[in-house]
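In what follows, a structure is listed as structure tokens, so that the remarks can point back to it.
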Amino acid sequence: MSFNHQTIEKKWQQYWESNNTFKTTEDDTKEHFYALDMFPYPSGQGLHVGHPEGYTATDIISRMKRAQGYNVLHPMGWDAFGLPAEQYALDTGNDPAEFTEKNIQTFKRQIKSLGFSYDWDKEINTTDPDYYKWTQWIFTKLVEKDLAYVAEVPVNWCPALGTVLANEEVIDGKSERGGHPVYRKPMKQWMLKITAYADRLLDDLEEVDWPEHIKDMQRNWIGKSEGAEVTFNVKDSDQSFSVFTTRPDTLFGATYAVLAPESKLVDAITSPEQKEAVEAYRVEADKKSDLERTDLNKDKSGVFTGAYAVNPMTNEDMPIWIADYVLASYGTGSIMAVPAHDERDYEFAQKYDLEIRSVVDGAEPEKEAYTGDGVHINSDFINGLEKEAAIEKICDYLEKEDIGERKITYRLRDWLFARQRYWGEPIPVIHWEDGTSTVVAEEDLPVTLPMTDEIKPSGTGESPLANIHDWVNVVDEKTGMKGKRDTNTMPQWAGSSWYFLRFIDPKNDTQLADPEKLKKWLPVDLYIGGAEHAVLHLLYARFWHKFLYDLAIVPTKEPFQKLYNQGMILGENNEKMSKSKGNVVNPDDVVEKFGADTLRVYEMFMGPLDAAIAWSEDGLEGSRKFLDRVWRLFIDEDGKVRDRITTFNDKSLEVVYHQTVKKVTEDYDNLQFNTGISQLMVFTNAAYKADGLPLEYVKGFIQMLAPIAPHLGEELWSRITGSQESVSYESWPVFDETKLVTDEVEVVFQVNGKLRARSLASKSISKDELEQMALNHEKMLEHLEGKTIRKVIVVPGKLVNVVAN
RNA sequence: GCGCACGUGGCGGAAUGGUAGACGCGCCAGCUUGAGGGGCUGGUGGGGCGAUGCCCCGUGGAAGUUCGAGUCUUCUCGUGCGCACCA
């Protein structure tokens with residue numbers, strides 16, 4: 001007989017709820033552990049089987065930590081602002097808040113059906129004004145500290161839809177919806193100066209326990225590069241421009257210069273003869289989106305401006321070109337071209353027949369650009385030096401002569417923080433009729449989204465809020481001055497950049513969170529989520545956290561001590577699950593048919609947590625069979641506890657039990673749930689063969705199973721122990737190191753590294769005795785016959801290797 | 001193109017430089033059952049032979065370090081992820 005998952009899962013979920021089993025404890029005599037999931041966007045699709053993978057992992061850790069005597073904070077909430085709700089509102093005229101609420105209820109029901117031990121009193125929702133009051137508050141602090149500013153930035157403007165589109169809504173230069181043309185249009189936008197934190201975001205990666213490849217992705221994204229900025233004068237003009245280069249040592253080889261087409265300087269220096277060509281090129285470049293510009297990078301193009309710069313080293317003329325392979329947004333938006341030693345410059349110089357001058361020995365300028373190190377030539381006072389020394393010497397010179405300086409630049413850009421949308425946190429700023437702008441005072445926060453039945457494009461590129469006149473127009477009560485609210489809203493990243501702080505104190509209405517509580521819980525001890533957030537979300541959250549650290553609001557430099565990325569669960573055909581491929585597995589169906597415990601066990605057993613693995617219905621059934629097997633081990637056909645469970649211990653399970661406690665505990669700690677479960681199976685198999693099952697071991701086993709299969713764990717615990725209490729707070733089993741090994745161990749004997757014989761030996765046997773055993777073993781004698789023993793390697797308790805020839 | 005990760009049975013996957021393939025799926029056999037399903041027990045990398053034991057081969061491929069390599073090093077092929085004219 002097997003257990004009825006529907007009955008027991010419902011029973012225990014109700015028990016946990018009515019007994020507040022997972023209410024967060026804050027007992028100062030205990031240590032604190034904060035286990036966090038990346039909170040989901042509650043989409044209309046409902047929960048995906050990928051969600052419970054990470055959630056189960058943090059849930060197992062949370063349950064184990066509670067049993068090990070920690071205060072555990074394990075919360076769940078909703079990252080509920082976002083485009084789909086807005087789109088739904090545009091399509092149907094309904095309130096996105098209602099739609100969002102409905103989706104949240106679906107998600108919550110699904111998540112609850114999986115038996116996670118969340119403390120639902122800590123639930124937060126980014127669209128709740130009590131929450132986004134503090135998102136807005138953080139923004140006002142950023143403005144006060146000059147880390148938020150307004151800039152003109154091009155957006156994807158679609159006149160036909162009367163709205164601005166996100167990059168992902170633009171496909172091949174057309175709007176995803178309707179296929180209308182999209183243009184780049186400059187608009188005033190709020191930006192956050194994340195670049196001010198670039199160095200700290202880079203350096204403090206050393207302090208956190210994250211997968212190395214995620215750290216690398218962040219390092220690459222920040223993209224720090226060291227070099228020099230050099231000023232070039234324009235010939236026969238009082239104009240000059242600066243370039244950034246990582247290779248100032250190749251300055252003597254700079255034979256032309258290139259400006260980004262957008263550069264303002266172009267207007268001032270272009271010669272009359274070239275004006276037409278330059279203008280034509282700029283129009284072309286302007287039409288291309290960033291994506292197209294990089295996409296069509298095979299063939300470089302550019303136009304000569306007719307002007308020349310002067311190489312400060314050689315005093316020779318360098319033609320100034322414009323080309324879109326130079327990006328306005330990186331460095332100074334202009335470069336010195338050293339075609340002999342830069343592949344891009346080389347390609348461009350070849351195409352337009354520009355001079356290629358070698359300044360590092362080893363180059364073959366007729367064949368390809370040489371970017372490696374070497375002895376400098378044709379370079380006056382740095383001749384004979386290698387790269388590093390040459391860079392030092394030339395930087396000293398540039399600084400002494402005041403024509404340049406050492407400089408560090410970053411690939412990281414400031415964070416575009418405004419969206420022309422309705423469904424987001426309103427930016428809490430008022431623009432007054434006298435031309436000034438102010439942030440909304442703390443006591444007037446939150447600036448709530450107005451209720452409206454008319455969410456539709458403004459037609460101007462502003463957000464739909466621009467049309468809601470009652471909301472937009474404000475009058476200062478004291479001065480009577482009129483003003484308009486900023487109609488931009490924040491990106492979805494805003495609410496998720498600090499939510500882990502609010503979970504600590506979600507109902508505080510006087511501050512973001514109680515500093516005492518923040519001190520106890522931070523940093524997050526374990527943070528699990530998808531790798532798709534490896535860069536942006538984690539970088540933004542770290543940026544805000546550091547900013548709040550500078551304001552002395554949070555006590556730690558970094559928010560997330562340990563990070564782990566769960567892998568993707570693929571469809572049975574090994575492809576990403578998608579509706580169109582028809583390979584989507586709905587967790588509701590699995591829970592109904594096999595039970596939540598089975599789903600949890602299966603997702604943890606299918607392989608390493610971070611691997612991408614295909615779903616398998618057979619594997620799922622196997623997990624259910626394991627749980628049935630455990631059930632039958634303890635419960636008989638009539639539903640009674642088996643009388644094999646006894647207080648008498650014949651020691652036959654002693655070793656395997658202690659091994660199991662050790663391995664399972666360590667594997668859970670290391671998030672290696674697949675091998676932890678396999679050890680539980682090993683114990684189960686051994687228990688089937690034992691005559692009696694010592695109660696102590698049975699209890700310990702159930703405790704170790706319970707974090708993964710909590711409903712079954714509770715049911716077995718209550719039946720076997722007769723306890724009225726949840727298994728959750730029973731103290732975690734411990735192992736006895738002295739009982740881990742049998743007295744007799746199997747050792748192997750090798751000849752020249754090849755396995756030739758096995759034998760049983762006492763684990764305490766001496767090296768010499770073991771060696772003698774090996775040399776006298778019948779099999780070994782056969783293999784050693786006629787050979788001279790050169791060397792014998794003995795590894796006690798393991799093996800003997802005889803080297804002979 | 002650059003960076004990172006990963007290649008192990010029919011499948012998912014285990015292996016502090018020390019018995020390769022734990023555990024599970026699948027498959028085979030025995031027992032249980034009227035049958036099927038389910039369960040319990042055992043077997044299951046490939047090849048060979050004088051077969052109840054023994055030999056050879058085997059972790060994408062090639063070389064190297066080592067008494068000993070799935071594990072370390074170099075090269076190479078393949079797959080996945082990230083970035084992509086970043087000067």
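The figures that follow rest on heavy atoms only: side chains count, while hydrogens, waters and symmetry mates do not. Just so it is clear: chains get the letters A, B, ... in the order the sequence lines come, proteins before strands, and each one is counted from 1.
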What's the closest nucleotide to the side chain of [X] if the choices are [options]?
{"X": "A:Val795", "options": "B:G18, B:G3, B:C23", "answer": "B:G18"}
{"X": "A:Lys779", "options": "B:U19, B:G53, B:G82", "answer": "B:G53"}
{"X": "A:Arg629", "options": "B:C40, B:G18, B:G82", "answer": "B:C40"}
{"X": "A:Tyr330", "options": "B:C85, B:A87, B:C25", "answer": "B:A87"}
{"X": "A:Lys791", "options": "B:A14, B:C67, B:G42", "answer": "B:C67"}
{"X": "A:Asn685", "options": "B:C83, B:G39, B:G24", "answer": "B:G24"}
{"X": "A:Asp342", "options": "B:U16, B:G12, B:A87", "answer": "B:A87"}
{"X": "A:Asn674", "options": "B:G24, B:A87, B:G13", "answer": "B:G13"}

Describe the nucleic acid contact of [X] in one word from base, sugar-phosphate, nothing, applying a heavy-atom distance below 4.0 Å.
{"X": "A:Pro608", "value": "sugar-phosphate"}
{"X": "A:Leu799", "value": "base"}
{"X": "A:Ser616", "value": "nothing"}
{"X": "A:Arg756", "value": "sugar-phosphate"}
{"X": "A:Ser225", "value": "sugar-phosphate"}

Same-atom distance ([atom1]) from [N] to [M], integer angstrom:
{"N": "B:U71", "M": "B:U59", "atom1": "P", "value": "9 Å"}
{"N": "B:G70", "M": "B:C57", "atom1": "P", "value": "13 Å"}
{"N": "B:G24", "M": "B:C40", "atom1": "P", "value": "11 Å"}
{"N": "B:G17", "M": "B:U52", "atom1": "P", "value": "39 Å"}
{"N": "B:G7", "M": "B:G61", "atom1": "C1'", "value": "11 Å"}
{"N": "B:A87", "M": "B:G78", "atom1": "P", "value": "29 Å"}
{"N": "B:G13", "M": "B:C6", "atom1": "C1'", "value": "14 Å"}
{"N": "B:G64", "M": "B:A69", "atom1": "C1'", "value": "11 Å"}

Does [N] have OP1 or OP2 under 4.0 Å away from a side-chain N or O of [X]?
{"X": "A:Tyr688", "N": "B:C40", "value": "yes"}
{"X": "A:Asn801", "N": "B:U66", "value": "no"}
{"X": "A:Arg632", "N": "B:C40", "value": "yes"}

For A:Lys300, does its backbone N or O pair with a side-chain atom of A:Lys351 as donor and acceptor, under 3.5 Å?
->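 Answer holds: yes.
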Begin from the C-alpha positions of A:Arg629 and A:Leu633 and carry the test side chain to side chain contact (heavy atoms under 4.5 Å, CB included) through to its verdict.
-> CA-CA 6 Å; A:Arg629 190 164 151 86; A:Leu633 180 63; over 6 Å; no
Secondary-structure notation, RNA chain B, from Watson-Crick and G-U pairs under 3.5 angstrom (| other strand) | (((((((..(((.....[....)))(((((((.....)))))))(((((...)))))..(((((..]....))))))))))))....
Donor + acceptor pair across side chains of A:Arg411, A:Asn220 (<3.5 Å) =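 No - no donor-acceptor pair under 3.5 Å links their side chains.
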For the base of B:C25, is there a side-chain donor-acceptor partner from A:Asp618 under 3.5 Å away?
->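 Between B:C25 and A:Asp618, which were checked side chain against base, a qualifying N/O pair under 3.5 Å is absent.
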A:Arg542 to A:Trp210 six-membered ring, cation-pi geometry met (6.0 Å, 45°) |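 Judged by the rule, A:Arg542 and A:Trp210 form a cation-pi pair.
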Does NZ or CZ of A:Arg357 come closer than 6.0 Å to the centre of the six-membered ring of A:Tyr256, within 45° of the ring's axis?
->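 Checked: cation-pi criterion not met.
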